[in-house]
Amino acid sequence: MTQSSAAIAPSVLTADFARLGEEAQILEEAGANRIHWDVMDGNFVPNLTIGPDVVAAARKHTSLPFEVHLMVNDPNVLLSRWVDAGCERIIVHAESPGCVHLHRVLGAIAELGARPGLALNPGTPLSAAEPVLDLLDLLLVMTVNPGFGGQAYIQSMESKTAAAAALIAASGRKVELEVDGGIAPATVGRAVTAGARVLVVGSALYRHTDGIAAAISDLHTRINEALEVPGGGEPGEQ
Ligand code: DX5
Ligand code: ZN
């Protein structure tokens with residue numbers, strides 16, 4: 001199973017919601033580095049998915065780290081429930097009305113013992129992350145408009161991803177740079193060349209003709225090619 005210095009974080013948004021525990025186990029066996037749970041409240045985005053009890057139920061089926069991507073109006077409401085459900089990274093959106101006090105929300109995540117992440121929609125400038133960069137373990141550059149899997153990668157986000165990589169490097173802080181949306185064999189090389197090192201992948205895994213393990217391996221191969229790492233790199237951070 002090919003690995004690379006980047007981490008593959010499967011989104012289960014396009015998995016079988018009737019079998020999420022088994023799906024989580026399958027992802028671990030297939031070589032995923034972590035699992036990305038897409039939480040939507042039907043208000044912040046025009047879609048409704050899962051709550052903390054579903055994630056807690058899946059927690060028993062895998063040892064993979066969980067990150068939760070909160071596409072919700074007010075992430076404060078259930079913050080501690082995601083930690084109780086076994087999520088070690090909690091990603092909030094700068095655009096959420098409940099994040100009007102973003103510095104306080106990110107501090108609250110850290111106080112709960114979780115790793116704070118900030119997601120920026122395609123229309124949100126990178127400058128929104130600058131004042132809180134010192135509070136972040138992860139910065140997520142959305143490469144689709146949130147709400148659904150299977151959308152087309154927005155290539156113009158590569159300049160924002162590269163600027164984010166430069167901002168993180170200049171800060172000297174260890175902040176993971178993640179991209180989310182439309183990541184597939186045809187786009188993953190561009191995304192890592194722009195500086196992303198955590199790749200959320202949903203539909204591209206589930207539609208791969210040879211299955212999820214082959215899809216993950218193929219992505220790592222393309223990542224190594226893009227980074228010109230002959231023979232593969234050290235596995236990415238879980
Ligand atoms: C969209 C979600 C993404 C998306 C990724 O709102 O945040 O995680 O499901 O799925 P694909 O890889 O299918 O674009
Ligand atoms: Zn997501």
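Both ligands and their constituent atoms are indexed starting at 1 by order of listing. Numbers for residues simply follow the sequence, beginning at 1.
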Check: Looking only at side chains, do Ser96 and Asn73 share a donor and an acceptor under 3.5 Å apart?
Finding: no
Checklist line | Test item: side-chain donor near acceptor, Thr124 and Glu95, under 3.5 Å | finding: yes
Checklist line | Smallest separation among heavy atoms of Met40 and Asn47, with atom names | finding: CB-O, 3.3 Å
Next item on the list: Identify the two heavy atoms, one from Asp218 and one from Pro185, that lie closest to each other, and give their separation to 0.1 Å.
Entry: OD2-CG, 3.6 Å
Considering only NZ, NE, NH1 and NH2 on the basic side and carboxylate oxygens on the acidic side, decide whether [X] and [Y] come within less than 4.0 Å.
| X | Y | result |
| --- | --- | --- |
| Lys174 | Asp137 | no |
| Arg104 | Glu111 | no |
| Glu178 | Arg197 | no |
| Asp16 | Arg19 | yes |

Notebook entry, point to check: Going by the angle between their ring planes, with limits at 30° and 60°, are Phe66 and Trp37 parallel, tilted or perpendicular?
Noted result: perpendicular
Item checked: Near ligand 1, at a heavy-atom separation below 4.0 Å: residues by chain and residue number -> Ser11, Leu13, His36, Asp38, Met40, His69, Met71, Met142, Pro146, Gly147, Phe148, Gly149, Gly150, Asp180, Gly181, Gly182, Val200, Val201, Gly202, Ser203
Checklist line | Atoms of type N/O/S from protein, distance to the Zn ion (ligand 2) below 2.8 Å | finding: 4
